[in-house]
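A quick write-up on the structure given underneath.
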Amino acid sequence: MSHNKISVVILGHGDRLKKALITIILGKDLSQVSKRNVLKSTEIYENNSYEVTCAPDIHTSCVEIRELFAINHHPHMSLMVVEDGFSTEEVWQQIEMLHRITGRPTEEFRVVLPLKSKHPASYPFKCHTIKQVFSKLSQLAEDRHFTSTDKRYTDHPEPERSTQGTEMEVTGGTNSKGHFTDSEMSFKRNHSGTKVNLVLLGMAGTGKSASGNTILGKPLFKSTTSSSLTTTECQEAETEIGGRHVRVIDTPDIFDDEIKSSVKDKHVRKCKELCKEEPCVYLLVMRTSRFIQDERDILKKLEKAFGSRAQEQTVILFTRGEDLWRAKISFENFLHDCQPDLKKIVEKCGRRCVLFENSDSRSPQVEELMKTVSRMFK
């Protein structure tokens, strides 16, 4: 992978669709750009700004795809094209196969949606319209100017953007440069320091305050075992974990439909004020032994409060790990066999999950949480 260019890998079925997308990204007919082979059936097309790799069909060359990602290490974007009328289940199976082949997290593989597809939020996998692909590429190019310590961004070529009707049949979409708020990219761009905010969110009685105390290593937040509302105002406390300064923010229940909107809005404003300076990770606290009706649409409530891409900054923190231990159920089996609606929440959060036993102050569970947080920054 060239350290001076934005690296994009194009996956999926059908060379025609993949090469149409490459044409859109490069803004030129492929006959006019430099081309080379990195592996037997893998082609790379590039211009001054982009290095776009056309990968072989996933079902015919698993070995070559594995080798490609070994060579490419960590491409800036991994896109998978799909045709109109695609099967959501089949696409998800392909993404899981890519995860097994490459070892990369499932959320790194982004599906490029055809024009006639439903809204991106309706799918269990990460997906973009062609317009959102352009937005992300533009922000990646802008990041070159803000991260001069990163060797990948030492040169600053302007992205080439003249598509001249090359949308073709990938999406039938627009080549507009319309601005999209992209919390994921700004989140990764702003994390470079050693500080992070961990915001505990969830229904009353899930163990938010107890989890905060476990992270802090001391009982600074008031916690009870009842399901009544114990935390009535946002609270904060700070500590240092593995060389990283951590501010833990405990919050009241902002997801209960019976709580007045004005009260919830006040808590959200206070929480945002506390998180203004450092990058923020939302810890969505849920119990392993209880999944209630009000939690089924909890991600919609989360995004309504903190923005449309908040789930990309979310880790699910399951409490009552001791209940699984008593039932002799592994955390992996719990996630595999949990209720379908809960499984959807887990998948939409990129399967970023940790298990806490707040009756046990062991440090490994906090270390596992911080490893998950650190992986989000990479």
Side-chain angles (χ1 to χ4, degrees), residues 69-70 73-76 78 95-96 98-100 102-109 126 150 183-202 206-208 210-218 237-250 275 278-288 302 309-322 324-325 329-336 338 345-378:
F69 276 81
H73 300 301
H74 192 179
H76 296 91
S78 298
I95 291 173
E96 288 191 317
L98 286 167
H99 162 66
R100 292 193 296 272
T102 66
R104 305 306 309 170
T106 55
E107 63 266 25
E108 285 193 14
F109 300 100
K126 301 289 184 182
D150 187 335
S183 62
E184 180 190 31
M185 288 309 305
S186 62
F187 170 62
K188 292 186 177 183
R189 181 169 66 241
N190 294 329
H191 82 276
S192 55
T194 57
K195 297 182 179 180
V196 66
N197 294 308
L198 301 181
V199 182
L200 295 155
L201 299 167
T206 54
K208 297 191 299 293
S211 298
N213 291 335
T214 299
I215 295 168
L216 294 165
K218 57 185 72 173
E238 300 183 7
T239 188
E240 187 170 304
I241 304 173
R244 188 185 291 273
H245 184 84
V246 178
R247 179 191 285 124
V248 181
I249 300 170
D250 191 16
C275 293
E278 282 81 39
C280 173
V281 173
Y282 303 111
L283 302 182
L284 183 57
V285 183
M286 307 179 80
R287 286 177 56 172
T288 58
L302 173 67
R309 307 303 289 271
Q311 67 187 36
E312 296 183 359
Q313 295 171 227
T314 298
V315 175
I316 303 177
L317 192 160
F318 285 100
T319 59
R320 303 288 304 210
E322 60 271 23
L324 296 186
W325 179 79
I329 300 172
S330 70
F331 189 35
E332 292 75 14
N333 286 341
F334 164 75
L335 294 175
H336 184 269
C338 63
I345 294 172
V346 169
E347 298 297 346
K348 286 183 177 180
C349 291
R351 298 187 65 84
R352 293 182 297 275
C353 303
V354 294
L355 183 66
F356 265 35
E357 296 179 32
N358 289 318
S359 58
D360 188 344
S361 60
R362 297 174 306 161
S363 60
Q365 56 192 357
V366 177
E367 291 174 3
E368 186 60 34
L369 168 63
M370 295 311 297
K371 285 180 184 177
T372 302
V373 169
S374 295
R375 283 195 293 271
M376 295 171 70
F377 293 151
K378 292 180 180 177

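None of these values were measured; they are calculated from a predicted model.
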Taking every non-hydrogen atom, the tightest pair across Cys275 and Asn197 | CA-ND2, 3.4 Å

Mind checking the CG-CG spacing from Asp250 to Leu198? Nearest 0.5 Å is all I need.
-> 12.0 Å

Does the side chain of Glu108 come within less than 4.5 Å of Thr102's, by heavy atoms?
-> no

Side chain of His245, backbone of Glu240: donor and acceptor closer than 3.5 Å?
-> no

Could you check if a side-chain atom of Ile241 sits within less than 4.5 angstrom of a side-chain atom of Ile215, using non-hydrogen atoms only?
-> yes

List the atom of Glu357, the atom of Gln365, and the distance in Å for their closest heavy-atom pair.
-> N-OE1, 2.8 Å

Closest approach of Glu322 and Phe356, non-hydrogen atoms and distance?
-> OE1-O, 4.5 Å

Just how far is it from atom CG of Leu335 to atom CZ of Phe318, taken to the nearest 0.5 Å?
-> 6.0 Å

Full working for side chain to side chain contact (heavy atoms under 4.5 Å, CB included) between Ile329 and Thr288 | CA-CA 11 Å; Ile329 300 172; Thr288 58; over 6 Å; no

Atom of Ala310, atom of Leu302 and distance for their closest heavy-atom approach = CB-CG, 4.1 Å

Distance col, row Asn333:CG vs Leu324:CG, nearest 0.5 angstrom, shows 10.0 Å

Between Cys280 and Val199, what is the shortest heavy-atom contact and its length?
-> SG-CG2, 3.5 Å

Rounded to the nearest 0.5 Å, the SG atom of Cys353 sits from the CG atom of Leu369 at a distance of 11.5 Å

Side-chain heavy atoms of Glu367 within contact of Met370, under 4.5 Å | no

Checking Lys208 side chain against Leu200 main chain: does a donor-acceptor pair fall under 3.5 Å?
-> no

Atom pair SG (Cys349) and CG (Leu284), whose distance is rounded to the nearest 0.5 Å = 6.5 Å

One should read off an interatomic distance between Thr372 OG1 and Ile316 CD1, to the nearest 0.5 angstrom, of 11.5 Å

Go through the side-chain N and O atoms of Thr214 and Asn358 and say whether any donor and acceptor fall under 3.5 Å apart.
-> yes

Let me see the working for Arg351 and Glu347 under salt bridge (Lys or Arg N to Asp or Glu O under 4.0 Å), right down to the final yes or no.
-> CA-CA 5 Å; Arg351 298 187 65 84; Glu347 298 297 346; 2.7 Å; yes

Could you go step by step and tell me if Lys195 and Arg247 meet the side chain to side chain contact (heavy atoms under 4.5 Å, CB included) rule?
-> CA-CA 8 Å; Lys195 297 182 179 180; Arg247 179 191 285 124; over 6 Å; no

Closest non-hydrogen contact found for Thr206 with Arg287 is O-CG, 3.6 Å

Report yes if the side chains of Val373 and Val246 come closer than 4.5 Å at any heavy-atom pair, otherwise no.
-> no

So do the side chains of Phe69 and Leu98 get within less than 4.5 Å of each other, counting heavy atoms only?
-> no

Any chance you could lay out the side chain to side chain contact (heavy atoms under 4.5 Å, CB included) test for Glu312 and Lys126, step after step, and finish with the verdict?
-> CA-CA 10 Å; Glu312 296 183 359; Lys126 301 289 184 182; 3.1 Å; yes

Full working for side chain to side chain contact (heavy atoms under 4.5 Å, CB included) between Met286 and Val346 = CA-CA 11 Å; Met286 307 179 80; Val346 169; over 6 Å; no

Compare all side-chain heavy atoms of Ser374 with those of Arg244 and state whether any distance is below 4.5 angstrom.
-> yes

